[in-house]
Peer 1: 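Starting off with a structure, shown below.
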Amino acid sequence: MVASECAPVAKAGGLGDVVFGLSRELELRGHAVEIVLPKYAGMRHEDVYGLTIDYHDLWVPWHGTTVHCSVWFGYVHGRKCFFIEPHSGEGFFDRELLYGYPDDVDRFTFFSKAALEYLYKAGKRPDVIHCHDWQTGLVPVLLYEQYGHVMPEQRVCYTIHNFRHQGLTGPHVLWSTQLGRPDDFLDRDRLGDDQEFRAVNLMKGGVVYSNFTTTVSPNHAGEARFGDGGDGLGPTLGTHQVKFGGVLNGVDYDIWNPEIDPFLPARYSAEQLEGKYEAKRRLRERLWMRDTYSPIVAYVGRLDEQKGMHQVHHALFYALERGAQFVLLGDGLHQGINGHFRHLKHYLNDNPDCHLEIGYDEELAHLIYAGADMLVVPSMFEPCGLTPLIAMRYGTIPVVRAVGGMVDTVFDRDFSDRPHWQRNGYTFHQSDNTAIESALERAFGLWFDYPGEFRQLMHNAMRSDYSWARPGQDYVNIYDHIRHK
Ligand code: ADP
């Protein structure tokens, strides 16, 4: 795996969960997996065991010169991880955050190049290199164009977790990576962006050059290929359709599992729900909310336009109006949206029925998934959507907009054509306030008036299987397919 994230050591969102969870599942199936990551200054060092320098002098070709790197090795909850640390003046990864810097494209272009140089020099020859998102879109390009003579057998699977960020940049990356030949690479059939003249699109490079491209749910694969979900990459996916498909992400039930979760005050299961009510009490206590007979609605996720923040805002006030409580945990890179929710937090500071926590807090996230009754996910688009899958495992009912992967995973209690026992949440379609209101209204109605039925819905949600078992097998099949081509 070559990736910019791996949970929990370096995680900004679902990508980190997937890199960790899929690697673990592949290992359980007997495959040897190693993960190559940048060595971020701000990574959670407490999640790495036995961090030592594994390779002292890696010299990575960059522009007309070479950059000295060290490669560190450590175990991240059992996974073998290699962290690349460049010693250059730019300090590419000597930063607190994973993303959000003006030179992000250069940082991850360098990382892609360094990862391949490391595999080459350290004599690592994996059957398959699995890389992820725009940050590592150049990996298959560089492998094929520059390392093909030393790694002719290696195949690349490329997974797109979010089409919104494609790594659009100028032709300078062709010079920094020493690919050169701008006229060749800027061709629309290669890395040339379809919309922007003479722009390099790193994600497009990943699609064109990889042996197989996936995105993180079958429904989103359709949206990307035929709708506007591909953010301009639809035609490229069409050209490469024989090597493109959707594989639903799994959830790592070793981490997200109320039966063993160390962050909860008590464990619980679908059969033994008492611990969930204990978690609800603890959540209220921790967030200074009053103990009252009402459902808790939660939002956990990035504060980003993608996530339908205007509907989250509305859900908060609607929940309060209907006598429910509301909890939000999120942070984001968008100043305006962050500011808006900070302002709301201030405004609602004395309200005992809600709490907004602006920041990233893994432990609190676990307690919220367990302690809440409902989770709202009104995303504008959502390639997979891990938060509703996690919520369901904790018996928290997802109330989601029917887009992307959530169409494959959340089935409306009242309107789905699935059998009753498979229905596990509430869905709505539009992105206006009335839409989320009507779905929440139905959820509140059931919670207040038919608690037995609500409990049945919780059982259905907890029994839905979104583990890595099936997607793990799907990826093994893809690897086998590309290995034998
Ligand atoms: P995305 O990948 O678009 O961010 P997903 O729903 O697929 O969205 O995955 C989000 C993951 O990040 C989940 O594991 C969620 O619990 C976690 N997460 C997001 N924001 C926070 C936060 N502020 N604190 C703790 N965990 C968070």
Side-chain angles (χ1 to χ4, degrees), residues 1-4 36-39 55-71 82-94 101-126 129-156 158 165-193 196-211 213 236:
M1 297 277 167
V2 180
S4 56
V36 183
L37 299 157
K39 189 168 183 294
Y55 199 98
H56 278 279
D57 294 315
L58 179 72
W59 293 93
V60 179
W62 186 243
H63 289 284
T65 166
T66 49
V67 172
H68 181 212
C69 298
S70 306
V71 183
F82 294 86
F83 301 91
I84 296 183
E85 179 186 33
H87 305 288
S88 68
E90 290 104 331
F92 280 147
F93 302 111
D94 298 342
Y101 301 98
D103 59 347
D104 276 358
V105 165
D106 294 316
R107 297 168 70 218
F108 291 102
T109 299
F110 179 81
F111 170 65
S112 301
K113 175 86 184 173
L116 280 175
E117 187 67 21
Y118 172 59
L119 296 191
Y120 166 43
K121 289 284 168 55
K124 291 182 185 293
R125 298 293 183 268
I129 300 171
H130 194 155
C131 53
H132 303 263
D133 268 351
W134 73 264
Q135 290 87 345
T136 52
L138 270 186
V139 166
V141 182
L142 296 170
L143 177 70
Y144 187 81
E145 296 285 349
Q146 294 182 331
Y147 295 85
H149 61 294
V150 283
M151 293 195 259
E153 306 283 315
Q154 279 54 51
R155 298 288 178 265
V156 177
Y158 180 52
H165 308 286
Q166 299 187 358
L168 221 59
T169 183
H172 71 279
V173 293
L174 300 173
W175 300 114
S176 52
T177 52
Q178 304 183 345
L179 280 165
R181 295 176 15 225
D183 289 340
D184 282 349
F185 288 110
L186 283 168
D187 193 286
R188 292 256 185 103
D189 289 341
R190 291 191 177 185
L191 275 64
D193 188 64
E196 215 160 303
F197 182 61
R198 285 189 79 75
V200 171
N201 184 322
L202 301 181
M203 183 171 275
K204 186 172 183 177
V207 174
V208 172
Y209 276 83
S210 63
N211 303 92
T213 300
T236 305

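Because only heavy atoms are used, hydrogens play no part in the values below, and waters and symmetry mates are left out as well, while side chains stay in.
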Peer 1: Between K121 and L58, does the side-chain contact (heavy atoms from CB on, under 4.5 Å) criterion hold? Intermediate values first, please.
Peer 2: CA-CA 8 Å; K121 289 284 168 55; L58 179 72; 4.0 Å; yes
Peer 1: Verify, without hydrogens or angle tests, whether K204 (side chain) and L168 (backbone) share a donor-acceptor contact under 3.5 angstrom.
Peer 2: no
Peer 1: Supply the atom-to-atom distance L174 CG to L179 CG, rounded to the nearest 0.5 angstrom.
Peer 2: 6.0 Å
Peer 1: If every non-hydrogen atom of L143 is compared with every non-hydrogen atom of V156, which pair is closest and at what distance?
Peer 2: CD2-CG2, 3.5 Å
Peer 1: What are the two closest heavy atoms between W134 and D104, and how far apart are they?
Peer 2: CH2-O, 3.7 Å
Peer 1: How far apart are the closest heavy atoms of W175 and G180, and which atoms are they?
Peer 2: CZ3-CA, 3.6 Å
Peer 1: Would you name the heavy atoms of G170 and V200 that are closest together and state the gap between them?
Peer 2: O-CG2, 3.8 Å
Peer 1: Let me have the donor-acceptor pairs involving side chains of residues 59-69, under 3.5 Å, with sequence neighbours excluded, atom names and distances please.
Peer 2:
residue: H68; atom: NE2; partner: H56; partner atom: O; Å: 3.4
residue: H68; atom: NE2; partner: D57; partner atom: OD1; Å: 2.7

Peer 1: Distance-only criterion, 3.5 Å: show the donor-acceptor pairs between side-chain atoms of residues 82-93 and protein atoms not counting sequence neighbours.
Peer 2:
residue: E85; atom: OE1; partner: W72; partner atom: NE1; Å: 2.9
residue: H87; atom: NE2; partner: S70; partner atom: OG; Å: 2.6
residue: S88; atom: OG; partner: E90; partner atom: OE1; Å: 3.0

Peer 1: Provide the full list of salt bridge (charged side-chain N to carboxylate O under 4.0 Å, His left out) pairs with a residue in residues 168-180, sequence neighbours left out, each pair given once.
Peer 2: none
Peer 1: Which residues pass the side-chain hydrogen bond (donor to acceptor under 3.5 Å, both in side chains) test with D184, not counting sequence neighbours?
Peer 2: R181
Peer 1: If you count heavy atoms of other groups shown closer than 6.0 angstrom to OH of Y144, is the number above 12?
Peer 2: no
Peer 1: Output the distance between atom CG (D183) and atom CZ (R198), rounded to the nearest 0.5 Å.
Peer 2: 6.0 Å
Peer 1: Starting at CD of E117, measure out to CZ of F110 and round the result to the nearest 0.5 Å.
Peer 2: 9.5 Å
Peer 1: Can you measure from CG (D106) to CZ (F111) and round to the nearest 0.5 angstrom?
Peer 2: 15.0 Å
Peer 1: Hey, what do you get for CZ (F108) to CG (D133), rounding to the nearest 0.5 Å?
Peer 2: 10.5 Å
Peer 1: Regarding K113 and Q146, do their side chains bring together a donor and an acceptor under 3.5 Å, going by distance alone?
Peer 2: yes
Peer 1: Looking at V173 and V105, what are the two nearest heavy atoms and their distance?
Peer 2: CG1-CG1, 3.9 Å
Peer 1: Should V208 and L191 be marked as a side-chain contact (heavy atoms from CB on, under 4.5 Å) after you check the CA-CA gap, both sets of side-chain angles, and the distance that decides it?
Peer 2: CA-CA 8 Å; V208 172; L191 275 64; 5.8 Å; no
Peer 1: Near Y147 OH, under 6.0 Å, is it more than 12 heavy atoms from other residues, nucleotides or ligands?
Peer 2: yes
Peer 1: Who are the side-chain hydrogen bond (donor to acceptor under 3.5 Å, both in side chains) partners of D187, not counting sequence neighbours?
Peer 2: none
Peer 1: Taking salt bridge (charged side-chain N to carboxylate O under 4.0 Å, His left out) as the cut-off, I'd like each qualifying pair that reaches into residues 59-71, sequence neighbours left out, listed once.
Peer 2: none
Peer 1: Keeping the roles fixed (side chain from Y158, backbone from H130), state whether a donor-acceptor pair exists under 3.5 Å.
Peer 2: no
Peer 1: For a side-chain contact (heavy atoms from CB on, under 4.5 Å) check, start with the C-alpha distance between V141 and R190, then their side-chain angles and the critical distance, and finish with the verdict.
Peer 2: CA-CA 9 Å; V141 182; R190 291 191 177 185; over 6 Å; no
Peer 1: State whether the side chain of D193 and the backbone N or O of E196 hold a donor-acceptor pair below 3.5 Å, judged by distance alone.
Peer 2: yes
Peer 1: Output, in order, the C-alpha distance, side-chain angles, deciding distance and verdict of side-chain contact (heavy atoms from CB on, under 4.5 Å) for V36 and V71.
Peer 2: CA-CA 9 Å; V36 183; V71 183; over 6 Å; no
Peer 1: Between A3 and L37, which heavy-atom pair has the shortest distance, and what is it?
Peer 2: O-CD2, 3.4 Å
Peer 1: Between Q154 and P126 (side chain of the first, backbone of the second, donor and acceptor by atom type, cut-off under 3.5 Å), is there such a pair?
Peer 2: yes
